[in-house]
Amino acid sequence: MNLKGIVAVAGKPGLWRALAQNKTGFILESLDAQKVKLMANLSTAKIAALEEITIFSDEEDILLKDVLERMKGLKSVPDAKADGRQLRELFREVAPGHDEERVYASDMKKIVSWYHILKDMPLFSEAEPTAAVAEEPVAEPEPVKPAKAAKAAKKSELAEEPAAPKKAAKKK
């Protein structure tokens with residue numbers, strides 16, 4: 001699952017794709033059918049990248065992308081408007097060990113609604129880009145031949161010398 005560039009914005013429903021960044025914020029596009037564009041100012045908007053969101057746990061926090069991956073493997077995921085007990089049962093299955101006191105029904109509803117937005121998108125099926133880069137042999141620099149080195153040094157000396165001032169033509 002590739003969630004790179006997908007963000008949630010506090011106070012704005014749904015999920016957004018970061019299209020570009022400038023010095024004041026991000027240009028975002030909604031992932032819904034309307035494809036609404038939004039300029040999110042970094043000084044006022046609270047933006048969270050989905051790949052960095054975690055869920056409170058009794059031990060180590062659980063990554064949201066792991067929970068979404070487990071949801072993808074289920075036969076059916078309830079609607080975000082489902083009863084709190086159904087959502088809690090779902091989370092016991094997809095986020096075992098989550099802190100039931102700190103993960104509220106509203107959090108679970110939001111995550112389930114995000115899942116329903118993402119499940120049909122191609123990026124949800126894509127594999128994460130791997131950081132493994134094929135090692136290419138590094139080419140050794142060619143040794144500089146003495147004749148070429150002398151010629152290059154002479155050119156640089158000429159470039160450093162100030163040009164002689166041109167004499168102005170006398171007007172008659």
Can you find a heavy atom in the side chain of [X] that is under 4.5 Å from one in the side chain of [Y]?
X: Leu90; Y: Met108; result: no
X: Val77; Y: Lys72; result: no
X: Arg88; Y: Glu100; result: yes
X: Leu31; Y: Ile6; result: yes
X: Met39; Y: Thr24; result: yes

Quick check: are there more than 12 heavy atoms from other residues, nucleotides or ligands sitting under 6.0 Å from NZ of Lys35?
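Count over threshold, so yes.
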Please determine whether a side-chain nitrogen of the Lys or Arg among Lys37 and Glu29 lies less than 4.0 Å from a carboxylate oxygen of the Asp or Glu.
yes
Using a strict 4.0 Å threshold on nitrogen-to-oxygen distance, state whether Asp79 and Lys81 make a salt bridge.
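Salt bridge: no.
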Donor-acceptor pair, distance only, cut-off 3.5 Å: does the side chain of Ser30 make one with the backbone of Val36?
yes
Does His116 reach the main-chain N or O of Ser113 with its side chain, forming a donor-acceptor pair under 3.5 Å?
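A pair under 3.5 Å: no.
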Let me confirm one number: the CD1-OG distance from Ile62 to Ser57, rounded to the nearest 0.5 Å.
4.0 Å
Starting from the C-alpha separation in whole Å, work towards a yes-or-no answer on side chain to side chain contact (heavy atoms under 4.5 Å, CB included) for Val7 and Phe26.
CA-CA 11 Å; Val7 297; Phe26 289 94; over 6 Å; no
Going only through I, L, V, M, F, W and Y residues with side-chain contacts under 4.5 Å, is there a path from Leu63 to Leu50?
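In one cluster: no.
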Which atom names give the shortest non-hydrogen contact between Gly14 and Trp114, and what distance separates them?
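Closest heavy-atom pair between Gly14 and Trp114: O-NE1, 4.1 Å.
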